[in-house]
Structure formats: C-alpha cells, structure tokens
Engineer: 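Take this structure, written in structure tokens, and hold onto it; I'll ask about it next.
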Amino acid sequence: MISPLFRCSKCLARTTAFCGAMRSASELGALETARLGTRKIRAGETVFHQQDDVDKVYIVLSGWVYLYHLLDDDRRQITRFAMRGDSFGVIAPGRHRVDFGAEAMADTTICVLSNSQIAGLRERHPAFCDSLFEQIEADEYAMMDLLTTVGRRNAAERVAFLLNFIYQRALSRGLADESGSVQFPASQIVLADALGLTAVHVNRVLRSLRESGILQLSRGRLTIQSRERLAGLLHISETYPAHRHGREPTHRVGTG
C-alpha cells in the first residue's frame with residue numbers, strides 16, 4: 001500500500017538519489033508533484049514481476065532490492081542490487097511491459113514517482129535531467145562490471161568482486177562503517193543467481209574467503225577482513241575508480 005507523502009526536504013536518500021539535484025524550495029515543490037507516495041515492502045515481497053505493465057519510477061529509501069531477469073525455464077539472473085538512493089523502474093512516459101522483475105531482500109521502503117511527471121521535470125529542470133542520466137550511466141557501468149566479472153573471473157574473484165562493490169557503494173552512502181562492515185542480507189542462492197554459480201559453490205567460496213582472512217558474509221552482515229588481501233585477489237589498486245559509479249566519492253577497498 002502506498003502511504004501519504006512526506007516532505008522531500010527531509011528525505012535521507014536525496015544525498016545520493018538523482019532527485020538530489022532539486023534543491024530550492026520551488027524545485028522541491030515541483031519534485032513533490034511527481035511523487036505518488038511511499039510504499040513499504042516486506043523481505044521476499046515482489047515490487048513488480050517480469051512482464052508486468054509498469055508506469056512508475058522507484059527510489060529505495062531504506063532496505064535492499066534486487067532486479068532479476070528470468071529465462072523461459074525459470075532460471076534467474078540477478079542483474080543489480082539497489083540500496084538507499086538507487087532508482088529502478090520505467091523512466092519513459094507511459095506504461096511499459098518490463099523484461100525484468102524487482103524483489104525486496106529485506107524489509108524495504110521505496111518512494112514511488114510518476115514517470116510521466118518525471119518527463120516534465122526533465123524538460124523544465126536541466127540539472128535534474130543531467131542527474132537522472134548520470135545515474136543511468138553509472139548503472140550501465142555497474143552492469144558492465146558485473147557482466148565482465150561473471151564472464152571472465154573465477155569463482156573466488158566473482159564473489160569477492162561483488163561483495164567488495166557492495167561494500168564500497170554502501171560506504172560512500174553512509175550505510176557501512178570504516179571498519180569494513182555493512183548489513184547485506186543476501187542469501188547464498190541470491191549470490192549464486194547474481195554470479196552464475198551454484199549455491200553450493202558460493203558456500204565453498206565464502207568459506208575459503210573467510211578462512212583466508214579476506215572477507216566474510218554471515219547472518220546478513222558483510223565484513224571485509226583484509227583490504228590488502230582483497231586487492232591482491234582482485235588485482236586492483238587500493239583506490240576503486242569512482243567515476244564509474246556516478247558522483248560518489250573515491251571508493252577504497254574495505255579496511256582491515
């Protein structure tokens with residue numbers, strides 16, 4: 001159920017969401033005309049299914065959502081994880097039958113916006129338009145990274161890359177602490193569907209990474225144990241390329 005509106009100026013997601021480009025009182029007023037309300041979703045609940053007609057844009061205010069694509073035989077590929085400030089849905093005006101679905105990984109609150117109203121904001125507010133397409137570009141880069149990881153990295157590198165990526169983005173958004181820890185309620189089945197592995201293989205890799213003192217994922221909490229060992233495994237420098245993921249500050253491999 002969609003709840004009544006609250007003031008955009010009080011929203012914590014604005015610091016990283018594309019709507020953060022709307023800052024003045026008049027801009028915030030215009031933004032609120034595009035909002036339909038907020039919606040609370042329980043863990044495991046679907047926001048929308050693949051092939052649903054969707055005419056809205058969603059911004060995660062709290063919690064976690066993953067996007068997925070199903071094959072005809074119901075095999076699933078998870079393509080993206082959305083945290084606070086991330087958006088998903090349909091940007092173009094009108095109803096569209098989507099070729100992906102969205103499901104909450106944890107109890108989640110999302111902001112629901114009208115895509116037809118967003119189209120008007122894009123025309124009248126250039127900074128808003130730039131911010132929106134900047135996030136779309138960042139999401140495309142992230143998807144390229146995930147595709148490359150699934151196609152060219154070994155199993156240990158796949159798991160480590162994805163979890164490090166999640167930690168870095170969460171850290172840049174104030175959702176993780178500097179000690180290398182963040183809540184990430186992904187099951188081994190979810191990780192398997194994101195990385196093209198079996199859940200059994202993910203279990204083995206996670207155990208190996210934990211025993212090697214690199215990282216661990218336990219009871220919904222991800223902890224980076226050693227940034228040096230993690231960087232060595234992934235063949236990356238300490239600094240992660242921030243420009244590939246939008247306006248966020250320089251990303252660093254987790255401390256430890």
Engineer: Hey, any chance Phe88 and Leu147 share a hydrophobic cluster, counting ILVMFWY side chains that come within less than 4.5 Å of each other, even indirectly?
Structural biologist: no

Engineer: Step through the shown structure and confirm whether more than 12 heavy atoms of other residues, nucleotides or ligands are within 6.0 Å of CG on Asp73.
Structural biologist: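 Atom CG in Asp73 is packed in, count exceeds 12.
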
Engineer: Does any part of the side chain of Cys111, heavy atoms only, come nearer than 4.5 Å to the side chain of Arg35, both counted from C-beta?
Structural biologist: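 Yes, at least one pair of side-chain atoms sits under 4.5 Å.
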
Engineer: Do any pairs count as a salt bridge (Lys or Arg N to Asp or Glu O under 4.0 Å) and have a residue in residues 204-213, sequence neighbours left out, and if so which ones?
Structural biologist: none

Engineer: Pick from Thr38, Thr108, Leu12: which one makes a side chain to side chain contact (heavy atoms under 4.5 Å, CB included) with Leu61?
Structural biologist: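 Per the side chain to side chain contact (heavy atoms under 4.5 Å, CB included) rule, the option paired with Leu61 is Thr38, out of Thr38, Thr108, Leu12.
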
Engineer: Just to verify, what does Arg124 make a side chain to side chain contact (heavy atoms under 4.5 Å, CB included) with, not counting sequence neighbours?
Structural biologist: Leu121

Engineer: According to salt bridge (Lys or Arg N to Asp or Glu O under 4.0 Å), who are the partners of Asp130, at least two apart in sequence or on a separate chain?
Structural biologist: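 Scan of Asp130 (salt bridge (Lys or Arg N to Asp or Glu O under 4.0 Å), adjacent residues dropped) gives none.
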
Engineer: May I ask you to check whether Ser87 and Gln135 show a side-chain donor-acceptor distance below 3.5 Å?
Structural biologist: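 Looking only at side-chain atoms, Gln135 and Ser87 do form a donor-acceptor pair, the distance falling under 3.5 Å.
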
Engineer: Excluding sequence neighbours, so at least two apart, what forms side chain to side chain contact (heavy atoms under 4.5 Å, CB included) with Gln50?
Structural biologist: His69, Leu70

Engineer: Any pair with a residue in residues 106-128 that passes ring pair (Phe, Tyr, Trp, His ring centres under 6.0 Å), sequence neighbours left out, goes on the list, sorted by first then second residue, please.
Structural biologist: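 Qualifying pairs: Phe18-Phe128.
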
Engineer: Can Thr223 and Leu217 be said to form a side-chain contact (heavy atoms from CB on, under 4.5 Å), step by step?
Structural biologist: CA-CA 6 Å; Thr223 303; Leu217 181 64; over 6 Å; no

Engineer: What residues, two or more places apart in sequence or in another chain, satisfy side chain to side chain contact (heavy atoms under 4.5 Å, CB included) together with Arg42?
Structural biologist: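 Arg42 satisfies side chain to side chain contact (heavy atoms under 4.5 Å, CB included) with Glu45, Asp107 only.
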
Engineer: Which residues satisfy the side chain to side chain contact (heavy atoms under 4.5 Å, CB included) test with Phe100, sequence neighbours excluded?
Structural biologist: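 With neighbours one apart ignored, the set is Phe48, Leu67, Val98.
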
Engineer: Applying salt bridge (Lys or Arg N to Asp or Glu O under 4.0 Å), can you list everything that pairs with Arg153, at least two apart in sequence or on another chain?
Structural biologist: none

Engineer: Does anything in residues 181-193 pair up under salt bridge (Lys or Arg N to Asp or Glu O under 4.0 Å), and if so which pairs, sequence neighbours excluded?
Structural biologist: Arg76-Asp193

Engineer: Strictly by salt bridge (Lys or Arg N to Asp or Glu O under 4.0 Å), give each pair with a member in residues 93-103 just once, sequence neighbours left out.
Structural biologist: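 The answer is Asp53-Arg97, Asp55-Arg95.
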
Engineer: I need the full list of side chain to side chain donor-acceptor pair (under 3.5 Å) pairs touching residues 110-121, with sequence neighbours left out, sorted by first then second residue.
Structural biologist: Ser114-Ser116

Engineer: Taking atom types as modelled, is there a side-chain donor on Thr16 or Arg84 under 3.5 Å from an acceptor on the other?
Structural biologist: no

Engineer: Can you pull the ring pair (Phe, Tyr, Trp, His ring centres under 6.0 Å) pairs that have at least one residue in residues 178-220, sequence neighbours excluded?
Structural biologist: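 For residues 178-220: Trp64-Phe184, Phe81-Phe184.
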
